[in-house]
Participant: 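Below is a structure I'd like to ask you about.
Lettering follows sequence order; numbering is per chain, from 1.
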Amino acid sequence: MTDLLLYNTLSRNKENFKPINPPNVGLYVCGPTVYGDPHLGHARPAITFDILFRYLKYSGYKVRYVRNITDVGHLENDADSGEDKIGKKARLEQLEPMEIVQYYTERYHESMRMLNVLSPSIEPRASGHIIEQIKLIEDILKNGFAYEVNGSVYFDVEKYNKKHHYGKLSGRVLEDLLANTRDLEGQDEKKNSFDFALWKKASPEHIMHWPSPWSEGFPGWHLECSAMSAKYLGDEFDIHGGGMDLQFPHHECEIAQSTAANGKESVHFWVHNNMITINGQKMGKSLGNFITLEEFFTGNHKLLTQAYSPMTVRFFILQAHYRSTVDFSNEALQSAEKGMQRLLAAVKTIEKIKASENSSVDIAGLEEKCRKAMNDDLNTPILMAHLFEGVRIINCISENKETIDKENLKKLKTLFNVYVFEILGLKEEKENSNNDTLVPGLVNMLLETRIKLKAMKDYQSADQIRDELQKIGFIIKDKKDGFDWEFSGK
RNA sequence: GGUCUCUUGGCCGAGUGGCUAGGCAUCGGUCUGCAAAACCGGGUACGGCGGUUCGAAUCCGCCAGAGACCUCCA
């Protein structure tokens, strides 16, 4: 359907993407742990895989996109004394854990909606799949790759590694892991420090727990993704995505779990997005240097000199390739904002273009370039460079420096609709409220009057009209044969 | 300490063994009553030192700097 090349972390190479059962594609992405407000870091994978989702659909695939909500807290560290993340937050705020989950899930959804991130096909919750996770543990136990100690179940990494390759995704070597593991409390239950929990017996103060064959407890950190991806996409599926920081140990453990349970690997393509940095350092919860999405949208943060709209944030993220880090700065955001406005202004200009008999521009060639950019591992920065070439073409035609015929004009319109809106997922943000006809009517009337004043050389009055309109946020552009205007929204 | 990655012009950010990435900013020009917008054009690069090559920012080595993972993290 396409010649899409996708970088596979497993092979560290771009590979030709071929689904297992075309035209169907199974895509699983690690979603958020809902215990805090979504920040810029959450926007990166959401947007990255939104682009993949959109592009696959545009390419004719039938995609089932599963993105989980982690609402069963994970341990805070690799120790028995570790506390459930969500449980901790709940106690601090004197709320039921599920109240926290509900609240932050909604916050996440709201931010994603504003960023124009499409909803996944299925958004399963870990807490709703305890039975599936227990079943998976039983399978792993049955195959001999796990052991039970005092009501907890651990994955036997050493034994697994004898038959399979633990570390194949992240490039780890088991001996190195052993040599470099820190001494942490409560490791004594495990045979080896690198073994990981599949089921943990809950301590009395642990709020979130479920019954199981081994103890009243909760599932291990990596289990939910293995269980839920298998449930909705099958034991073997096409693409698993997530942030680069999840490569190890999370995704490595997922591979081990699925392989241990089914005897075969489940994921064909592992796709990882890079991090967003701030002053060259990873923006992250644990570093306390994150900026929430709401703070971006309102400008209410000490590092922000202004508010940035959701589409500006989206455009900013897409200006970098998903496998590169992207460094946050006000300057970068502002240039993204201006660039995007220019792009969207050109889209509007297309509607005003009139076709000629002949065409001096090559739209088919431009379309080809755009397609190639996306096929080359979703290279959105290159795609955007080509779209700006299109912007130049549109503006030239508009100024009669180039001409376009009817057929090419149609192609041009389709090109921009497809790539700007359908694939990049940008959208017009201007709020026209319910004054869709009233305001333009009034503005047009004022500007018609201004033309007459200009013709009478009453420039003082003409300028007054323009100045007043500009004051309330209109951008006035005089043309040879009239005028043009838009509302800046500020 | 182990594993790995990165270092591009004022800022952001692509890319390739020889051919303009692009955006923002800046400068010059066209247009305009003046602006704005738009368009055209110009300047500014490939961390340092060696090596391979007819030719390297692109391949190799060394050095310097930055970062990621090894612990929950997108």
Participant: For the side chain of A:Ala332, counting heavy atoms from C-beta on, which of B:C12, B:A25, B:G23 is nearest?
Facilitator: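 Nearest to the side chain of A:Ala332 among the choices is B:C12.
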
Participant: Would you classify A:Gln334 as touching base, sugar-phosphate or nothing, given that sugar-phosphate means primed atoms plus P, OP1 and OP2, and contacts are heavy atoms under 4.0 Å?
Facilitator: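 A:Gln334: no heavy atom of the nucleic acid under 4.0 Å.
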
Participant: With heavy atoms under 4.0 Å as the rule, sort A:Ile276 into base, sugar-phosphate or nothing.
Facilitator: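 Base: the residue A:Ile276, judged by heavy atoms under 4.0 Å, touches a nucleobase.
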
Participant: For A:His272 and B:C69, give me the distance from atom NE2 to atom P, rounded to whole Å.
Facilitator: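 Rounding to the nearest Å, NE2 of A:His272 and P of B:C69 are 13 Å apart.
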
Participant: Between A:Asp377 and A:Lys14, is there a side-chain N and carboxylate O pair less than 4.0 Å apart?
Facilitator: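 Answer for the salt bridge query: no.
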
Participant: In Å, rounded to the nearest 0.5 Å, how long is the span from CG of A:Leu424 to CG of A:Leu383?
Facilitator: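 Output value for this atom pair is 5.0 Å.
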
Participant: What does A:Leu246 touch in the nucleic acid at a heavy-atom separation under 4.0 angstrom: a base, only the sugar-phosphate, or nothing?
Facilitator: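 Touches sugar-phosphate only.
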
Participant: Scan A:Gly41 against the nucleic acid and name what it touches under 4.0 Å (heavy atoms): base, sugar-phosphate only, or nothing.
Facilitator: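 Base: the residue A:Gly41, judged by heavy atoms under 4.0 Å, touches a nucleobase.
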
Participant: Is there a donor and acceptor pair, one atom on the side chain of A:Asp327 and one on the base of B:C12, closer than 3.5 Å?
Facilitator: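 Per atom types, no contact qualifies.
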
Participant: For A:Met244, report the nucleic acid contact type (base, sugar-phosphate, nothing); a contact means any heavy atom under 4.0 Å.
Facilitator: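 Touches nothing.
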
Participant: Across the strands shown, which category fits A:Val326 at heavy-atom distances under 4.0 angstrom: base, sugar-phosphate, nothing?
Facilitator: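 Sugar-phosphate, no base atom in range.
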
Participant: Classify the angle between the aromatic ring planes of A:His251 and A:His272 as parallel (below 30°), tilted (30 to 60°) or perpendicular (above 60°).
Facilitator: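 Judged by the thresholds at 30° and 60°, the geometry between A:His251 and A:His272 is tilted.
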
Participant: Could you state the atom-to-atom distance from CZ of A:Arg323 to C1' of B:C69 in whole Å?
Facilitator: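 The answer, rounded to whole Å, is 17 Å.
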
Participant: Atom pairs under 3.5 Å, N or O on each side, protein against nucleotides 14-18 of chain B: can you list them with distances?
Facilitator:
| from | atom 1 | to | atom 2 | distance (Å) |
| --- | --- | --- | --- | --- |
| B:A14 | OP1 | A:His321 | N | 2.9 |
| B:A14 | OP1 | A:Ser324 | OG | 2.8 |
| B:G15 | OP1 | A:Asn379 | ND2 | 3.3 |

Participant: When you compare B:U16 with B:U20, how far apart are their C1' atoms, in angstrom units rounded to a whole number?
Facilitator: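 That atom pair is separated by 13 Å.
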
Participant: Indicate, with a heavy-atom threshold strictly under 4.0 Å, whether A:Lys454 touches base, sugar-phosphate, or nothing.
Facilitator: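 Base contact.
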
Participant: Send over the distance from A:Ile353 CD1 to B:C39 C1', rounded to a whole Å.
Facilitator: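 Interatomic distance, CD1 of A:Ile353 to C1' of B:C39: 14 Å.
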
Participant: Closest nucleotide of RNA chain B for A:Glu331 versus for A:Asp463: which of these residues is on the 5' side?
Facilitator: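 First, find each residue's nearest nucleotide; the 5'-ward one identifies A:Glu331.
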
Participant: Mark yes or no: A:Arg172 above the aromatic ring of A:Phe248, with NZ or CZ under 6.0 Å from the six-membered ring centre and no more than 45 degrees from the axis.
Facilitator: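 Yes, a cation-pi geometry holds between A:Arg172 and A:Phe248.
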
Participant: Rounded to the Å, how far apart are A:Glu402 CD and B:C40 C1'?
Facilitator: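 From A:Glu402 CD to B:C40 C1': 12 Å.
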
Participant: Between A:Asp71 and A:Ser127, is there a side-chain donor-acceptor contact under 3.5 Å, judged purely by atom types and distance?
Facilitator: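 A donor-acceptor contact under 3.5 Å links the two side chains.
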
Participant: Please answer whether the main-chain N or O of A:Arg44 pairs with a side-chain N or O of A:Asn273 as donor and acceptor at a distance below 3.5 Å.
Facilitator: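 Side chain of A:Asn273 to backbone of A:Arg44: no pair is present.
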
Participant: Using atom C1' of each nucleotide, how far apart are B:G9 and B:G15 to the nearest Å?
Facilitator: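 Nearest-Å result for B:G9 against B:G15 at atom C1': 15 Å.
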
Participant: Between B:C24, B:A38, B:C69, which nucleotide has the shortest distance from any of its atoms to the side chain of A:Glu399?
Facilitator: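 Output: B:A38.
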
Participant: Side chain of A:Arg342 only, please: which of B:C39, B:G13, B:C11 is the nearest?
Facilitator: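 In terms of side-chain proximity for A:Arg342, the closest of B:C39, B:G13, B:C11 is B:C39.
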
Participant: Can you tell me the distance, in whole Å, between the CG atom of A:Leu169 and the P atom of B:C70?
Facilitator: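 Those two atoms, CG and P, are 13 Å apart.
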
Participant: Using a cut-off of strictly less than 4.0 Å, decide whether A:Lys401 has a side-chain nitrogen or oxygen near OP1 or OP2 of B:C40.
Facilitator: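 For A:Lys401, the contact criterion (side-chain N or O under 4.0 Å from OP1 or OP2 of B:C40) is not met.
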
Participant: If we require ring centres under 5.5 Å and near-parallel planes under 30°, does A:Phe388 stack on B:G22?
Facilitator: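 A:Phe388 ring does not meet the centre or angle cut-off for B:G22; no stack.
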
Participant: Quick check: does any side chain N or O of A:Arg314 sit under 3.5 Å from a backbone N or O of A:Leu115, one acting as donor and the other as acceptor?
Facilitator: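 Side chain of A:Arg314 to backbone of A:Leu115: a pair is present.
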
Participant: Write down the distance between CD (A:Glu252) and P (B:U71), rounded to a whole number of angstrom.
Facilitator: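 About 13 Å, once rounded to whole Å.
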
Participant: Residues in side chain to side chain contact (heavy atoms under 4.5 Å, CB included) with A:Ala364, at least two apart?
Facilitator: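 By the side chain to side chain contact (heavy atoms under 4.5 Å, CB included) rule, A:Ala364 matches A:Asp362, A:Lys411.
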
Participant: Would you kindly compare A:Cys30 and A:Ser335 by the position of their nearest RNA chain B nucleotide and give the one closer to the 5′ end?
Facilitator: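 First, find each residue's nearest nucleotide; the 5'-ward one identifies A:Ser335.
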
Participant: Measuring to OP1 and OP2 of B:A35, would you say a side-chain N or O of A:Arg466 lies under 4.0 angstrom away?
Facilitator: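 Answer is no, no contact under 4.0 Å.
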
Participant: Paired with B:A64: which nucleotide, if any, by Watson-Crick or G-U wobble criteria at under 3.5 Å for both distances?
Facilitator: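 Per the H-bond distance test, B:U7.
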
Participant: Mind checking the C1' distance from B:C11 to B:U44? Whole angstroms is fine.
Facilitator: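 Roughly 13 Å separates the two C1' atoms.
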
Participant: Just to be sure I understand the rule, does A:Lys282 reach a base, reach only the sugar-phosphate, or reach nothing, if contact means heavy atoms closer than 4.0 Å?
Facilitator: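 Contact class for A:Lys282: base.
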
Participant: Whether A:Glu252 and A:Lys168 form a salt bridge (side-chain N of Lys/Arg under 4.0 Å from carboxylate O of Asp/Glu) is what I want to check.
Facilitator: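 No, A:Lys168 and A:Glu252 are not salt-bridged.
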
Participant: When the C1' atoms of B:C24 and B:U58 are considered, how many whole Å apart are they?
Facilitator: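 Their C1' atoms lie roughly 26 Å apart.
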
Participant: From the options B:C39, B:C11, B:C69, select the nucleotide whose nearest atom is closest to the side chain of A:Asn395.
Facilitator: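 Of B:C39, B:C11, B:C69, B:C39 is nearest to the side chain of A:Asn395.
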
Participant: I'd like the C1' distance from B:C60 over to B:G1, given in whole Å.
Facilitator: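 To the nearest whole Å, 27 Å.
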
Participant: Taking only the C1' atom of each, what is the distance from B:G55 to B:G18 in whole angstrom?
Facilitator: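 Result for the C1' pair: 6 Å, nearest Å.
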
Participant: Given the C1' atoms of B:A57 and B:C49, what is the spacing between them in whole Å?
Facilitator: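 It comes out at 15 Å once rounded to the nearest Å.
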
Participant: Nearest whole angstrom, please: distance from the P of B:C72 to the CZ of A:Phe218.
Facilitator: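 Rounded to the whole Å, the gap is 13 Å.
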
Participant: Does NZ or CZ of A:Arg323 fall inside the cone over A:Tyr7's six-membered ring, less than 6.0 Å from its centre and within 45° of the axis?
Facilitator: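 Geometry flag: set, cation within 6.0 Å and 45°.
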
Participant: Is it true that A:Asp3 and A:Lys372 make a salt bridge, defined as a side-chain N closer than 4.0 Å to a carboxylate O?
Facilitator: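 No.
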
Participant: Is the phosphate of B:G22, meaning OP1 or OP2, less than 4.0 Å from a side-chain N or O of A:Arg392?
Facilitator: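 Checking B:G22 against A:Arg392, no side-chain N or O comes under 4.0 Å of OP1 or OP2.
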
Participant: Can you tell me the Watson-Crick or wobble partner of B:G55, both distances under 3.5 angstrom?
Facilitator: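 Pairing partner: none.
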
Participant: What interatomic distance, in whole Å, is found between C1' of B:U53 and the corresponding atom of B:U71?
Facilitator: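 Roughly 47 Å separates the two C1' atoms.
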
Participant: What nucleotide, of B:G67, B:G33, B:G22, holds the atom closest to the side chain of A:Ala385?
Facilitator: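 Nearest listed nucleotide: B:G22.
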
Participant: Using whole Å, what does the distance between atom P of nucleotide B:G67 and atom CD of A:Gln247 come to?
Facilitator: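 Spelled out: CD on A:Gln247 to P on B:G67 is 20 Å.
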
